[in-house]
Amino acid sequence: MNEKRDMTQQQSKTVQPADKRQQILRPAADIFEDKTGITLKADMPGVSKEQLDIQVDQETLSIEGSTDIIVPTGSQAQYADVSATCYQRSFTLSSELDTDKIDASLRDGVLTLHIPKREQYQPRKIEVRMT
Amino acid sequence: MFARVSNFEDSFFDQFRRLENEMGQVFASGTWPQIARAKRLRSAYPPINVNVTKEQIDVYLFVPGVDPKRLGITIHENLLTVKGERNAKQEEGVEYYRKERFDGEFHRAVNLAEDADPEKVEAGYEDGVLRITIQRRESAKPRQIKVN
């Protein structure tokens, strides 16, 4: 019986993040390929270096960030185009890209990532496809 | 292979719809701050937040990757206007898979309260967010009036 009660409590906990997920901003991104690799630029205004998190898990690249910007709530005399303080977006990387050598920089709210192609793929053109 | 894993597409467009609704409400209610609708649809850039307290009005513009010195900020008859340009042009000789970031000139305006003091304005740019703080005049605060 106790176990059952615990399970329902856990379920109600997992519902909460689902609500929060709608409050996540999806940063606008430019992605282009040149001979050396892929460059990704993402707009993440309000995010400082300390609040930025870039992770690569196998072929998945995820970028996350949070801001301290005040999000106005409630009163009529306030206005908010941006009603969330978290950014999140994920991408799938080609195995031809060398995820150990990602170069990242953040300047004025713009994240720039350069992911080089593995050396054996450098000379020839590789196919990169959005799905 | 360079694809988005998580499907945020739906929520992304839902946010647009919600924004449209909110903007409609702002205009219908007639309360300030009124956000002037941009001339062109695409120039509803940059996004704006406005936070109001008794003492001051804070306007936040989310404009990453611009030179703050080249932003034109003016207040005329309680209308705060911010003009600027962002260069996010396509680079040549490369192949694009996504081109979502705003490129070009932008222009947004916020109708401030009557008591906004155009003499007491501060602006700062940090991490791609422009914050403009406008003090409200003393006279706007509640004061007691004696009957003789």
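Note that the structure is a prediction, hence the values are computed from the model and not measured. Keep in mind that the numbers below use all heavy atoms, side chains included, and drop hydrogens, waters and symmetry copies. In what follows, chains carry the letters A, B, and so on, assigned in the order in which the sequence lines appear, proteins first and then strands, with residues in each chain numbered from 1.
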Checklist entry - Between B/Asp117 and B/Val121, which heavy-atom pair has the shortest distance, and what is it? => result O-CG2, 3.8 Å
Next on the checklist: Checking side-chain polar atoms at under 3.5 Å, does A/Gln58 have a donor or acceptor matched by the opposite partner on A/Thr60?
Outcome noted: no
Next on the checklist: Quick check on the interface: out of A/Ser62, A/Ala29, A/Pro27, A/Ala42, who has the most heavy-atom pairs with chain B under 4.5 Å?
Outcome noted: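 Looking at each of A/Ser62, A/Ala29, A/Pro27, A/Ala42 in turn, A/Ala29 comes out on top.
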Next on the checklist: Let's test your reading of the structure: which of A/Val47, A/Thr39, A/Asp34 forms the most heavy-atom pairs below 4.5 Å with chain B?
Outcome noted: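 Highest number of heavy-atom pairs under 4.5 Å: A/Val47.
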Checklist entry - Could you go step by step and tell me if B/Tyr60 and A/Val82 meet the side chain to side chain contact (heavy atoms under 4.5 Å, CB included) rule? => result CA-CA 10 Å; B/Tyr60 299 87; A/Val82 181; over 6 Å; no
Checklist outcome for this item: Whatever's closer than 4.5 Å to a heavy atom in chain A on B/Val66 counts as backbone
Checklist entry - By a 4.5 Å heavy-atom criterion (distance strictly below it), what part of B/Gln90 contacts chain A: side chain, backbone, both, or neither? => result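 Contact with chain A: none, neither part.
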Item to check | Residue pairs involving residues 42-56 of chain A (criterion side-chain hydrogen bond (donor to acceptor under 3.5 Å, both in side chains); sequence neighbours excluded) | outcome: A/Asp43-B/Arg86, A/Asp43-B/Arg101, A/Ser48-A/Glu50, A/Ser48-A/Gln51, A/Gln51-A/Asp68, A/Asp53-A/Gln55
Checklist entry - What do you reckon, is CD of B/Glu85 surrounded by more than 12 foreign heavy atoms closer than 6.0 Å? => result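 Atom CD in B/Glu85 is packed in, count exceeds 12.
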Next on the checklist: For B/Lys99, give me all partners under salt bridge (Lys or Arg N to Asp or Glu O under 4.0 Å), at least two apart in sequence or on another chain.
Outcome noted: A/Asp30
Checklist entry - How about residues 102-114 of chain A versus chain B: which residues have heavy atoms under 4.5 Å apart? => result A/Asp108, A/Gly109, A/Val110
Item to check | Under the ring pair (Phe, Tyr, Trp, His ring centres under 6.0 Å) test, residues paired with B/Tyr125 that sit two or more places apart | outcome: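 Per chain and number, B/Tyr125 pairs via ring pair (Phe, Tyr, Trp, His ring centres under 6.0 Å) with no residue.
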